[in-house]
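Take a look at the structure below.
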Amino acid sequence: MEWETVIGLEVHAQLSTRSKIFSGAPTAYGAPPNQQANEIDIALPGVLPVLNREAVRMAVRFGLAVGATINRHSVFARKNYFYPDLPKGYQISQYERPIVEHGRLAVDLDGDTHVIGITRAHLEEDAGKSLHDAIDGLTGVDLNRAGTPLLEIVSEPDMRSSAQAVAYLKTLHTLVRYLEICDGNMQEGSFRCDANVSVRPRGESRFGTRTELKNINSFRFVERAIDYEVRRQIAVLEGGGSIRQETRLYDADRDETRSMRSKEEANDYRYFPDPDLPPLLLTDAFVEDVWADMPELPAAKRERFCAAYGLSRYDATLLTATRELADYYEGVVAGGGLDPKLAANWVSGELLAHLNSAGLDLAATRVSATALAGLLRRIADNTISGKIAKEVFEAMWTDGADADRVIAARGLTQITDDGAIEALVGEVMAAHARQVEQYRCGEEKVFGFFVGQVMKASRGKANPAKVNEILKRKLAP
Amino acid sequence: MSETLAELVRGLAAGRYSSVELVDASLARIRRHADLNAFITVDEEAARAAARAADQARGAGGTGLLLGVPLAHKDIFCTAGMRTTCASRMLAGFVAPYDATVVARLRAHGAVMVGKTNMDEFAMGSSNETSYFGPVRNPWDPTRVPGGSSGGSAAAVAAGLVPAATGTDTGGSIRQPAAFCGITGLKPSYGRVSRYGMIAFASSLDQAGPMARSAEDCAYVLAAMAGFDDRDSTSSERPVDDYIGGLSGDLAGLRIGVVREHFGAGLDAEIGAATQAALAEFERLGATLVDVSLPNSAASLPCYYVLAPAEASSNLARYDGVRYGYRAAGYRDLEDMYKKTRGEGFGAEVKRRIMIGTYALSSGYYDAYYLKALKLRRLVADDFAAAFAQCDIIAGPTAPTTAFALGAKTDDPVSMYMNDIYTIPVNLAGLPALSMPAGLAGGLPVGLQLVGRYLDEARLLRVAHRYQQATDWHRRRPPLS
């Protein structure tokens, strides 16, 4: 039987607010345990939550970016359960009335565009962390993360393969960073994903029983966890069994999913509207204000890069992968007079290669956009060749010097003077009389040999076009 | 200590006595009447130091509204440095690192806190018998309850231990003990006074208010307590009226609604008669009586006993033994720790309400209980809105009985709950209401409840003040040494 995979994703994006969603404590990552938890975060008696306006703005910004309905009236509810890292004994979350509903995200994969529905996105607070065996066999509780704002983004079950799921996740990841609402750091848990996975016979319109996969904290693990789970479900069904609705944990070390709890064992969360927080009412003016503040979105930027710079779709996609990279590229071409394609090749080639091998973020680049533009201008005005330019870039990367200083200091200026090149050609021809004879007898392939020798004699500085032209003239019988 | 708070404010300003003298007198009376068990915690040294500071401030030209006046806080308000127990074993040793907004504001106005008053555990009770620190005795008759949950504050004011105290009212917890102890207590409109730092029982109903000897005294304390607080999202941003300046004025043209349903079965005959006498007095003072109806008030009690426990079951989840408060001694694992801690740390009434509330919110029961209760709540509020189209305030009995004997209702929770039949609808509607003395029945105080429109506290206080100028029920004192 042929099986079809059905996937829906739930993403928890930590919003990059300075303070927590219901308290004034800071949200910065990595502080010593419990140093960033105030009386509200640790739920002392008598404390009350006050909603962070910036978190609301960020949620609305996301909603607008995915073409969603922004609910002018949304409600915070309490999700009740006991756990040591949940200080109040309930999590404040939006349940029946989320702030964002009915959005969609266009996802490109292998030349096709898939539109994935976004059911809802709602605001909620994060829990703290349990630190097992932190203190001599005891469990410690760190509440620094408690109260960090989260936007939970729930997709429709619109994805049909793990590759689509990863593509959706990457598109979403790019989007939240473009919107500057989430730093996207998956290692630190700023962007977390749960996957709902089911299979059904191809052609069947009803969904199969789904399992929820938790703890998949990288793009690679998402793909592997889903692939494993799909194989597992198909094996169960083909063996005559049935799928249990349950939550399963992905174990990256063993590359498998394990049952965590069944539907029957699930908590009764006893949701009810939080009486400490009045319904969140948004005015049109507030939403319009957020709209006016929207940055250019990845898809729009990609189209503009194609149209304005004549770049291929491939190049445009690559350069708009992050807002920072796109800004860098536009910084390079901003001065004008450069071939946008050449600039694109240098940014996506030399620059990214150097960043990757040095393990640096773009923000820490040693060659600024202005400096790279300076180098490319010397290629454009024939001061140096593209090959020499790579050597100059290397020096710029190492020393932080600008292109002109490197060129001057190393005497790399291109030789374009006809007389000088003719002299070099003369020397080479004199030294290789046999090859001259061969060429003149019709063995034209030795031409390349002469080009190489002349370039070598010029230590790479001779203008290749001129070398070609002069060689052709001199070698002619 | 026989003077009212307003008189003490004037006496302090005139230099007739110092704050140190007043606070010493208050502390002496607290010691003498320790049998009442009105206080959970008294810090004499801290109170004297604050009194000295108040006297110095006055010497330096300071003029706080309540500068130097001794005052007690119900032990539900967090106080930095002094333990806040909520009358529970769960918090018997808990010291908050911060002041509740109410505490901070009263301190900023110069009031001197002498201690924290006894109450029903987590404000759940109508007799002050659920306190982990033992019951409070009614100064009028020590074999009787003072009412609850703010029983310690009511007894302390009635016995003259302090001129005023704070209370909280979720279903009648200021008004019913005020009635039982013969003092004046005001529950403000929901949102008028900040709930920040006030330990939550039922968040959508809880409201802090003053308890004192007269409406005028309540006006002083409320003036210091009330107002928007950006730390409480449910507090009202509407400006606060001038309660003290608003006290003067007559009752000409005032329409007083008399609720038909208030005079049915269950109302003590003497209380009914005292209420009628008070209404007649209002007429004599120029008010007209209007017959009004609150047809859904009978549904208030079941509505309240779903909503309040539902909220409480969630509000009290934080007392889990993990971060602060009581933790059971021996346990096998996390779940065992939770069960033992909460089983031992909470008293019977608190556990009863947590269980009721948990049930009401459970999957499959939510619509039948919680959602239905929310709809009833709307109906109750609509009743008041309709009544207030015909009248300016509503008057009636505060409670159906006078103070009952200690232990009389502890085995019968429903009969205990019935005591709040007149007060609970007001909380459901979020309206302001006060109780003031309006007679004696069998030697015990009778309370008259006045209910106002939303944020109409100033009118309530004016009407009560006018009544108290014409009568002397509020000046009657319990037979204490």
Side-chain angles (χ1 to χ4, degrees), chain A residues 21-24 34 37-53 75-92 95-96 128 130 132 138-143 146 263-264 266-281, chain B residues 76-78 84-86 88 90-91 94 96-98 100-101 122 191 194-200 202-206 229-235 307 310-311 313-325 334-335 337-338 342 357-366 370-371 374:
Chain A
I21 185 167
F22 299 119
S23 91
N34 298 312
N38 69 12
E39 66 267 26
I40 294 170
D41 305 317
I42 67 173
L44 286 187
V47 299
L48 295 171
V50 175
L51 181 59
N52 182 332
R53 170 182 282 264
V75 173
F76 287 95
R78 293 184 181 178
K79 179 181 181 179
N80 295 282
Y81 64 96
F82 285 94
Y83 204 69
D85 67 16
L86 188 72
K88 294 187 292 296
Y90 57 84
Q91 178 197 31
I92 305 177
Y95 183 53
E96 285 184 332
S130 293
H132 296 294
L138 298 172
T139 296
V141 177
D142 177 6
L143 297 176
K263 190 187 174 192
E264 291 70 34
N267 278 311
D268 178 357
Y269 291 121
R270 291 174 282 121
Y271 283 99
F272 74 106
D274 190 335
D276 288 331
L277 291 162
L280 172 58
L281 305 178
Chain B
I76 199 169
F77 294 99
C78 287
T84 301
T85 71
C86 233
S88 180
M90 190 62 89
L91 292 175
F94 175 71
Y98 61 96
T101 298
F122 282 102
S194 168
R195 293 188 295 115
Y196 193 84
M198 179 179 121
I199 296 179
S203 312
S204 76
L205 300 158
D206 295 345
D229 178 7
D230 62 12
R231 290 186 297 178
D232 175 1
S233 310
T234 63
S235 85
L307 294 181
E311 293 182 20
S313 71
S314 176
N315 282 333
L316 272 62
R318 67 189 60 196
Y319 308 110
D320 57 6
V322 173
R323 300 169 312 289
Y324 54 81
L334 180 64
E335 186 164 324
M337 192 277 279
Y338 283 151
R342 290 168 65 81
T358 303
Y359 182 81
L361 290 174
S362 295
S363 165
Y365 299 97
Y366 180 87
Y370 185 80
L371 220 50
L374 279 188

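Chain letters run A, B, ... following the sequence lines, proteins first, then strands; residues in each count from 1. All values reported here derive from a predicted model rather than from experimental measurement.
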So do the side chains of L280(A) and V75(A) get within less than 4.5 Å of each other, counting heavy atoms only?
-> no
Student check: side-chain heavy atoms of M198(B) and D232(B) closer than 4.5 Å = no
Given a strict heavy-atom distance threshold of 4.5 Å, which part of Y319(B) is in contact with chain A: side chain, backbone, both, or neither?
-> side chain
Max heavy-atom pair count under 4.5 Å with chain A, selected residue of S363(B), C86(B), S204(B) | S363(B)
Side-chain (R342(B)) to main-chain (D320(B)) donor-acceptor, under 3.5 angstrom = no
Pick one of side chain, backbone, both or neither for L334(B), based on which atoms fall under 4.5 Å of a heavy atom in chain A.
-> side chain
So do S203(B) and R195(B) actually touch side chain to side chain, heavy atoms under 4.5 Å?
-> yes
Does the side chain of L91(B) reach to within under 4.5 Å of the side chain of F122(B), using non-hydrogen atoms?
-> yes
Residue part contacting chain A, namely of Y366(B), when any heavy atom lies under 4.5 Å = side chain
When rounded to the nearest 0.5 angstrom, what distance separates OG in S130(A) from CG in L143(A)?
-> 9.0 Å
Just jot down the ring pair (Phe, Tyr, Trp, His ring centres under 6.0 Å) partners of Y90(A), sequence neighbours excluded, or say none.
-> none
Do we see a donor-acceptor contact under 3.5 Å between the side chains of S314(B) and N80(A)?
-> yes
Given a strict heavy-atom distance threshold of 4.5 Å, which part of Y81(A) is in contact with chain B: side chain, backbone, both, or neither?
-> neither
What part of D230(B) is in contact with chain A, defined as an atom under 4.5 angstrom from a non-hydrogen atom: side chain, backbone, both or neither?
-> backbone
Part of L374(B) lying under 4.5 Å from any heavy atom of chain A = neither
Under 4.5 Å from a heavy atom of chain A, the part of A310(B) involved = backbone
Structural part of F94(B) lying under 4.5 Å from a heavy atom of chain A = side chain
Taking side chain as C-beta onward, heavy atoms only, is M90(B) less than 4.5 Å from L316(B)?
-> no
Contact class of T84(B) relative to chain A, heavy atoms under 4.5 angstrom = neither
Choice from G24(A), P278(A), P275(A) maximising heavy atom contacts with chain B below 4.5 Å | P275(A)
Highest number of heavy-atom pairs under 4.5 Å with chain A: which of G325(B), S362(B), S313(B)?
-> S362(B)
Against chain B, work out which of G89(A), P45(A), P87(A) has the most heavy-atom pairs shorter than 4.5 Å and name it.
-> P45(A)
